[in-house]
Amino acid sequence: MNKSVFTENMNNKQVEAITYGDGAMLILAGAGSGKTRVLTHRIAFLIKKKSVHPSEILALTFTNKAANEMKERVENLIGPAANTMWIGTFHSMCLRILRTHCDKIGLGSNFVIYDTSDQKELLGDCISELNLDDKIYSYQYISKIISNSKDKSMDPETFRALNLGNHKLEKVADIYDLYSRKLLKNNAVDFDDILSFTVKILEKNKSVKDFYSDKFKYVLVDEYQDTNNIQYRLVKILSKKHGNLCVVGDDDQSIYGWRGANFENILNFESQFKQVKTVFLEQNYRSAKKILEAANNVISKNILRKNKKLWTESDNEGTLCTFTARNEYAEAQFIVEKIKDLIKKDKMEYKDFAILYRLNSLSRVLEDTLLSAGVPYKLFGGLKFYERKEIKDIIAYLRVIINPDDNLSLKRIVNFPRRGIGNISLADIERQAAMRDETILETMAVSGSIPELSKNASKYEKFVEMIFVLRADSAEMPVSKFVEKVIDSTGIMDAYVNSGKIENKARIDNIKEFVSAAVEFEKQSEDKSFESFMNNLALVTDLDSLDSEEGAVTLMTLHSSKGLEFPVVFIAGVENSTFPMSRLDGSVEELDEERRLCYVGITRAKNHLYLTCTKTRTVYGKTVVTGPSEYLSDIPAELIEDLSNEHLGADYDKRYQGSEAHWDKTPKNPGSPWHASASPRTHIPKDKTMFEGTGRIVNSVEQLNNMKKVSDDAFETGNKVEHRKFGIGVIEKVFKDSGDELLEIQFDKAGKKRLMAAYANLKKI
DNA sequence: GGACTGGAGATTTTT
DNA sequence: TCTCCAGTCC
């Protein structure tokens with residue numbers, strides 16, 4: 001095999017990245033610049049040209065989908081030798097290490113993994129057990145703090161010590177502490193634990209650390225901009241010995257900051273590692289010229305970023321169209337007609353189309369319209385397969401069977417199907433179990449000898465027996481047969497079949513689908529054990545099954561679209577207050593991230609991009625006035641073809657005429673309407689209510705007053721201001737930037753923030 | 001245990 | 001507007 005096999009048809013930068021020798025390397029790969037290709041070819045190059053053994057390579061991704069794709073592509077390049085390579089998600093890699101060494105942190109090797117909804121349930125238990133108000137200590141609030149703490153490897157005691165004197169946070173420390181103890185008692189871990197426990201093991205055990213850091217001579221990380229602190233530490237530990245760390249990412253595509261991703265990891269990579277080689281991949285192989293130029297224009301407004309600019313050699317201009325619809329129904333209708341049009345005229349297929357949006361709630365009208373037009377679609381998001389009640393029930397049974405300590409799962413299924421073990425009985429058992437320091441199942445097993453429980457002991461013991469019979473079976477049967485047996489002998493299937501309710505038809509189908517998943521697992525997986533099936537189960541998501549082969553239009557959020565591409569992309573709801581979202585706090589970080597989301601959306605498109613917005617939209621039952629997003633005016637007018645007028649005579653326009661807001665007399669400017677007028681946010685309808693730029697529903701009069709106040713006195717250094725989320729603070733610096741004011745504010749409680757004056761909704765006080 | 005009701009809340013979610 | 005929840009009644 002000669003070198004050209006790995007570098008054939010590659011540009012110079014790509015070749016540089018693929019063939020670079022030892023040391024740390026940062027590959028800044030713009031959207032559509034062929035980064036997966038570079039990554040897989042670099043792996044192949046290392047193995048074939050540098051004689052690195054595949055087992056010495058660790059490649060980390062964020063999704064199973066990306067991992068599988070990479071595995072497959074490397075296999076295509078070097079053959080089955082690729083099998084001994086560790087290619088997987090951060091979580092699957094850590095899980096592998098954790099299973100081997102979990103005894104070092106007091107965890108049984110049959111521990112189960114709690115997903116987000118299990119976590120929510122367990123936290124709910126903790127909050128009620130501590131007699132705290134779940135409105136004040138909401139799941140969102142608590143889970144974020146706990147997740148952040150785990151990301152920083154901060155245990156409950158340390159968290160408490162750091163927040164002494166703060167009543168609320170001390171209570172949070174109580175919750176965090178109880179939650180951790182419950183997890184340990186149930187022999188369970190949450191998603192964050194998988195990473196933080198692994199780091200803990202590596203940091204505390206030199207022999208374990210030496211083993212893995214010796215083993216992995218080359219570490220490669222995909223989507224590096226999405227790593228959080230713990231992932232950074234993990235990568236640092238594992239690559240320290242050999243120093244061969246190659247990370248690929250794009251700071252402009254960092255859209256998961258709100259979930260703990262720290263995109264400073266990629267911005268600071270060069271200072272955090274020694275002698276870093278940096279390669280910029282800016283040549284784009286995906287999008288037509290107009291689309292690329294639009295993307296560049298939108299993203300260039302961001303403040304914190306590595307300066308890159310995508311370019312293409314392609315002559316294809318592509319199309320970039322906008323459409324302003326009367327309301328969301330007309331918007332959906334426009335999209336449907338465009339799809340039909342392109343299929344007819346350009347011989348495109350349904351699978352070539354994607355409709356993207358900022359909020360899942362926008363999908364409904366789109367769905368309705370596609371459905372009634374007979375356009376097949378595939379929707380992502382919403383209730384996920386593995387989060388459906390019936391599936392969670394089966395999983396709960398399987399978990400109790402594999403790990404009888406799992407009280408959370410046991411409580412879920414002990415009385416489903418009905419066994420006459422209701423809440424009162426269960427509370428009795430729990431109380432006894434706590435007193436005897438046993439698990440619920442243990443207590444149930446001996447309930448005959450406990451006076452307080454003896455009345456119903458036969459029911460309890462029968463349940464225990466059923467679990468243990470199944471437990472014995474699990475070791476002897478193929479997984480799919482075993483799953484069938486569980487569904488059968490526990491009576492789950494019967495419960496749904498016999499209920500006679502129509503809505504249970506879907507549940508029954510889902511249960512069958514679950515069995516198919518087990519069959520599929522047996523076919524695909526090397527390790528076909530029950531344990532392996534359960535591991536796999538905990539880390540799979542619906543996204544893994546995403547493929548555009550089935551002739552259907554794809555509907556998904558902008559977030560889920562990252563990493564995908566489509567010949568035709570529609571982005572719906574490109575309006576102020578929807579995108580960027582009005583409830584943002586106005587910080588530079590959030591606004592930048594929102595803009596990156598727009599950039600991600602635009603760069604999904606290959607040939608045709610349609611950006612649509614509405615004049616009114618019904619949000620939570622209230623019809624609200626909307627205006628075009630600022631992102632639209634960031635795109636040079638000459639790139640855009642506005643189709644708003646073209647469709648005036650279409651019948652859908654008549655059909656929805658009745659819903660035209662009475663105040664709406666906006667002249668239909670030819671060309672690009674939002675370029676002509678001043679800021680769209682200054683357009684004030686005579687309607688009673690509207691959405692203000694910053695998202696509150698306000699009275700028009702109040703709105704006018706607010707605007708006056710802002711224009712009357714601009715913010716100055718030294719001003720004391722109030723922010724609805726951060727509280728009171730003092731302006732320390734004012735930066736003027738093309739009309740917008742960037743304020744650096746020291747808040748009393750929230751610390752220093754940089755906010756955009758136009759968004760932050762600040763009140764001078 | 002199930003049916004009913006009133007009230008609050010309603011981003012984005014790779015694992 | 002819709003959906004999810006806790007609380008109430010039978």
Side-chain angles (χ1 to χ4, degrees), chain A residues 60-68 88-95 113-120 124 128 134-135 138-140 143-144 147 189-196 198 222-228 230-231 253-261 328 356-365 380-384 386-387 415-425 499 501 535-544 546 556-564 573 577-585 590 593-594 596-598 600-601 617-624 695:
Chain A
L60 295 169
T61 66
F62 278 83
T63 66
N64 297 306
K65 193 167 172 275
N68 291 336
T89 62
F90 274 97
H91 285 83
S92 68
M93 185 265 305
C94 286
L95 191 59
I113 299 161
Y114 282 177
D115 66 20
T116 335
S117 61
D118 302 317
Q119 181 188 47
K120 191 173 180 180
S128 66
D134 62 0
K135 298 270 180 322
S138 69
Y139 169 71
Q140 282 169 326
S143 63
K144 199 164 184 181
S147 188
V189 298
D190 65 20
F191 284 138
D192 296 320
D193 288 335
I194 295 176
L195 304 181
S196 65
T198 303
D222 193 15
E223 306 277 17
Y224 191 70
Q225 76 281 356
D226 290 337
T227 50
N228 59 22
I230 203 95
Q231 284 157 339
Q253 290 186 73
S254 163
I255 54 173
Y256 285 106
W258 52 276
R259 240 174 138 263
E328 64 270 33
L356 311 177
Y357 34 80
R358 174 68 243 254
L359 302 169
N360 276 314
S361 58
L362 298 200
S363 72
R364 195 132 127 198
V365 171
F380 291 85
L383 192 56
K384 295 180 177 60
Y386 289 97
E387 294 190 348
N415 202 34
F416 182 83
R418 298 279 146 64
R419 299 190 178 89
I421 310 175
N423 286 339
I424 296 166
S425 302
S499 79
K501 286 182 183 163
N535 269 345
N536 188 267
L537 204 59
L539 300 181
V540 294
T541 62
D542 290 16
L543 203 68
D544 300 340
L546 172 77
M556 56 168 57
T557 61
L558 288 153
H559 279 92
S560 337
S561 75
K562 201 182 76 176
L564 305 174
S577 87
T578 302
F579 191 34
M581 289 238 326
S582 52
R583 50 158 68 207
L584 302 182
D585 59 28
E590 272 196 356
E593 182 154 311
E594 196 80 355
R596 291 194 288 269
L597 191 56
C598 183
V600 167
R617 185 179 290 280
T618 304
V619 186
Y620 305 141
K622 280 204 171 68
T623 301
V624 139

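Here is how names work: the chains are called A, B, and so on, in the same order as the sequence lines, proteins then strands, and each is numbered from 1. Any value given below was found using the heavy atoms of this structure, including those in side chains, with hydrogens, waters and symmetry copies removed.
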Give N228(A) one of three labels, base, sugar-phosphate or nothing, depending on what nucleic acid heavy atoms sit under 4.0 Å from its own.
nothing
Any T116(A) side-chain N or O less than 4.0 Å from OP1/OP2 of dT15(B)
no
Using atom CZ of F416(A) as one end and atom P of dG1(B) as the other, report the distance to the nearest whole Å.
12 Å
dT14(B) phosphate, OP1 or OP2, under 4.0 Å from N64(A) side-chain N/O:
no
Has the side chain of R259(A) got a donor or acceptor atom sitting under 3.5 Å from an opposite partner on the base of dT11(B)?
no
Residues in side chain to side chain contact (heavy atoms under 4.5 Å, CB included) contact with S117(A), at least two apart in sequence or another chain:
D115(A), K392(A)
T618(A) versus V365(A): any side-chain heavy-atom pair under 4.5 Å?
no
dT14(B) and dT3(C): how far apart are their C1' atoms, nearest whole angstrom?
27 Å
What is the distance, rounded to the nearest whole Å, between atom CD1 of I194(A) and atom P of dT15(B)?
11 Å
From C-beta outward on F62(A), which listed nucleotide comes closest to its side chain: dT12(B), dT11(B), dT14(B)?
dT14(B)
Nearest to the side chain of T557(A), which nucleotide is it out of dT15(B), dT1(C), dT12(B)?
dT12(B)
From OH of Y256(A) over to C1' of dT14(B), roughly how many Å is that when rounded to an integer?
6 Å
I'd like a table of atom pairs between the protein and nucleotides 2-9 of chain B - only N or O on both sides, under 3.5 Å - with the distance next to each one.
{"from": "dG2(B)", "atom 1": "OP1", "to": "R418(A)", "atom 2": "NH1", "distance (Å)": "2.5"}
{"from": "dG2(B)", "atom 1": "OP1", "to": "R418(A)", "atom 2": "NH2", "distance (Å)": "2.8"}
{"from": "dG2(B)", "atom 1": "OP2", "to": "R418(A)", "atom 2": "NH2", "distance (Å)": "2.3"}

Could you check whether any side-chain heavy atom of L362(A) comes within less than 4.5 Å of a side-chain heavy atom of R617(A), counting everything from C-beta outward?
yes
Stacking check: are the rings of W258(A) and dT12(B) less than 5.5 Å apart at their centres and under 30 degrees in tilt?
yes
Kindly point out which of dT14(B), dT12(B), dT15(B) is positioned nearest to the side chain of L539(A)?
dT15(B)
Heavy atoms of I113(A) and F191(A) approach each other most closely as CG2-CE2, 4.0 Å
Considering every strand and a 4.0 Å limit on heavy-atom distances, what is the contact class for F90(A): base, sugar-phosphate, or nothing?
nothing
With sequence neighbours left out, the residues meeting side chain to side chain contact (heavy atoms under 4.5 Å, CB included) with Y139(A) are T116(A), Q119(A), K120(A), L123(A), S143(A)
Rounded to the Å, how far apart are L359(A) CG and dT13(B) C1'?
13 Å
Nearest heavy atom decides the nucleotide; on that basis, is N423(A) or E594(A) closer to the 5' end of DNA chain B?
N423(A)
Does the side chain of T89(A) pick up a donor-acceptor pair with the side chain of T61(A) at under 3.5 Å?
no
Heavy-atom distance under 4.5 Å between the side chains of M556(A) and L356(A), does that happen here?
yes
Heavy atoms only, 4.0 Å cut-off, all strands: where does D192(A) land among base, sugar-phosphate and nothing?
nothing
Between N360(A) and dT11(B), is there a contact of a side-chain N or O with OP1 or OP2 at under 4.0 Å?
no
Rounded to whole angstroms, how far apart are CD1 on I255(A) and P on dT11(B)?
17 Å
Separation of K144(A) atom NZ from dT13(B) atom P, in whole Å?
15 Å
Which nucleotides of nucleotides 2-10 of chain C have their base under 4.0 Å from a protein heavy atom (B), which only their sugar-phosphate (S), and which neither (-), written as one string 5' to 3'?
SS-------
Nearest whole angstrom, please: distance from the C1' of dT15(B) to the CG of L60(A).
13 Å
Could you tell me the separation between the OH atom of Y357(A) and the OG atom of S560(A), rounded to the nearest 0.5 Å?
7.5 Å
Chi class for dT12(B): syn within 90° of 0, otherwise anti:
anti
Checking contacts here: which listed nucleotide (dT1(C), dT15(B), dT12(B)) is nearest the side-chain heavy atoms of H559(A)?
dT12(B)
Pick base, sugar-phosphate or nothing for G422(A), based on heavy-atom distances below 4.0 Å to the nucleic acid.
sugar-phosphate
Under the rule for side chain to side chain contact (heavy atoms under 4.5 Å, CB included), what residues qualify as partners of N536(A), not counting sequence neighbours?
F521(A), V540(A)
Applying side chain to side chain contact (heavy atoms under 4.5 Å, CB included) to D193(A) and not counting sequence neighbours gives K150(A), L183(A), V189(A), D190(A), S196(A), F197(A)
Work out how far the C1' atom of dT11(B) is from that of dA6(C), and round it to whole angstrom.
25 Å
Rounded to whole Å, CZ of R596(A) lies from P of dT11(B) at a distance of 21 Å
Consider the side chain of N415(A), meaning its heavy atoms from C-beta on, and name the nucleotide among dG1(B), dT11(B), dT13(B) that approaches it most closely.
dG1(B)
Decide yes or no for H559(A) and Y256(A): does some side-chain heavy atom of the first lie under 4.5 Å from some side-chain heavy atom of the second?
yes
